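Contents: one structure, followed by commentary.
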Amino acid sequence: ESTYKIRQPRKLTNTKLLVAMGASQSDLGAFPDPGPAVTEDRIVRAIKSHENTDNVENVVMEDAAGNEKGEGFTSTLEAIKIHALVNGEMRAYAWVVKSMPRDPNRALMSLAYKADEREEAFYGTLMPKLKDFLSAKGAADLMPKTCSVPYSAWTEDEKVLIMENLKDEGWRDAINKKAGLD
């Protein structure tokens with residue numbers, strides 16, 4: 001049984017701002033809730049894709065940490081730790097699941113900016129093609145170093161990017177984003 005807790009979506013608070021940005025009250029009312037960012041089905045699908053196997057069992061997920069203020073403005077970010085039996089071997093993962101916000105205000109803004117869609121295309125399409133191209137040219141050492149992206153999808157049914165949790169590797173966000181990077 002999972003110990004993962006699902007956050008509830010926030011209520012609409014500023015309809016005037018949304019109308020100015022192009023989202024009408026009818027847009028908000030017609031917005032379909034994409035569901036929680038983290039589900040067992042999604043995580044099992046991601047592990048199967050990442051490990052290139054269908055032999056995934058005993059998946060245990062736990063919430064690694066809540067979002068800090070300023071994280072995930074146009075997306076829902078959920079840091080999770082996962083343990084699973086993969087091909088008979090116990091594996092551990094520390095991932096961040098980035099998905100469509102459940103809040104209509106943020107979701108419609110995200111869709112308008114296409115920020116998540118572009119990021120998924122970058123990591124899910126461009127980077128793998130660049131890696132193949134550089135490898136074919138004997139120049140794999142020119143591949144830019146990025147975090148691991150075990151799973152990504154941008155379809156009608158699923159809009160998600162699952163990335164390695166860099167906080168577990170010692171990285172941190174800027175202390176004061178308004179002041180710039182440190």
Side-chain angles (χ1 to χ4, degrees), residues 2 4 6-7 9 31-57 59-68 70-87 89 91-104 106-136 139-140 142-173:
S2 174
Y4 189 78
I6 297 173
R7 293 190 187 114
F31 175 74
D33 182 350
V38 176
T39 65
E40 187 171 351
D41 286 345
R42 178 176 276 168
I43 298 305
V44 169
R45 192 168 43 255
I47 294 170
K48 287 178 176 181
S49 174
H50 179 61
E51 298 290 354
N52 197 25
T53 184
D54 284 331
N55 191 358
V56 176
E57 303 173 295
V59 175
V60 177
M61 301 179 292
E62 64 182 83
D63 190 357
N67 285 354
E68 294 178 24
E71 288 184 351
F73 179 68
T74 61
S75 306
T76 295
L77 296 175
E78 298 290 341
I80 59 173
K81 293 196 182 279
I82 308 157
H83 297 278
L85 195 59
V86 179
N87 292 326
E89 183 180 325
R91 300 271 176 96
Y93 309 93
W95 288 347
V96 172
V97 180
K98 186 174 188 178
S99 67
M100 285 291 298
R102 296 184 78 179
D103 174 76
R106 291 175 48 219
L108 291 171
M109 187 179 351
S110 177
L111 289 170
Y113 293 153
K114 296 188 178 196
D116 293 332
E117 183 177 0
R118 288 192 305 254
E119 188 173 20
E120 190 282 328
F122 177 81
Y123 285 107
T125 304
L126 180 66
M127 292 300 281
K129 286 183 179 183
L130 179 60
K131 181 179 180 181
D132 292 345
F133 174 78
L134 291 173
S135 294
L142 295 177
M143 183 68 186
K145 302 236 185 297
T146 63
C147 69
S148 170
V149 177
Y151 184 76
S152 67
W154 192 269
T155 66
E156 190 65 34
D157 298 326
E158 185 169 41
K159 294 173 177 19
V160 66
L161 181 66
I162 299 179
M163 308 172 90
E164 169 188 11
N165 189 347
L166 294 178
K167 288 183 178 180
D168 280 17
E169 302 295 321
W171 293 87
R172 66 176 172 80
D173 214 352

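Values below: all heavy atoms of this structure, side chains included; hydrogens, waters and symmetry mates excluded. Quick caveat: nothing in here was measured; it's all calculated off a predicted structure.
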Start with the C-alpha distance between Glu119 and Trp154, add both sets of side-chain angles, then the distance that settles side-chain contact (heavy atoms from CB on, under 4.5 Å), and finish with yes or no. CA-CA 10 Å; Glu119 188 173 20; Trp154 192 269; over 6 Å; no
Close side-chain approach of [X] to [Y], heavy-atom, < 4.5 Å:
| X | Y | answer |
| --- | --- | --- |
| Glu51 | Val56 | no |
| Met127 | Met143 | yes |
| Lys167 | Val96 | no |
| Val86 | Thr53 | yes |

Using atom types as modelled and distance alone, determine if a side-chain donor or acceptor of [X] lies under 3.5 Å from a backbone N or O of [Y].
| X | Y | result |
| --- | --- | --- |
| Ser49 | Arg45 | no |
| Arg118 | Tyr113 | yes |
| Ser75 | Leu77 | no |

Quick one: pull up [atom1] in [X] and [atom2] in [Y] and give me the separation to the nearest 0.5 Å.
| X | Y | atom1 | atom2 | result |
| --- | --- | --- | --- | --- |
| Leu85 | Glu89 | CG | CD | 9.0 Å |
| Glu164 | Trp95 | CD | CH2 | 11.0 Å |
| Glu78 | Ser99 | CD | OG | 7.5 Å |
| Ile47 | Asp54 | CD1 | CG | 12.5 Å |
| Thr146 | Phe122 | OG1 | CZ | 6.5 Å |
| Glu62 | Ile80 | CD | CD1 | 10.0 Å |

Taking all non-hydrogen atoms of both residues, which atom of [X] and which atom of [Y] are closest, and how far apart?
| X | Y | value |
| --- | --- | --- |
| Ser148 | His50 | OG-CE1, 4.3 Å |
| Tyr123 | Pro128 | O-CD, 3.3 Å |
| Ala107 | Pro101 | CB-O, 3.4 Å |
| Asp63 | Ala79 | OD1-O, 3.3 Å |
| Leu161 | Glu120 | CD1-CA, 4.3 Å |

I'd like to know if Arg42 and Glu158 make a salt bridge, using a cut-off of under 4.0 Å between side-chain N and carboxylate O.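 Answer for the salt bridge query: yes.
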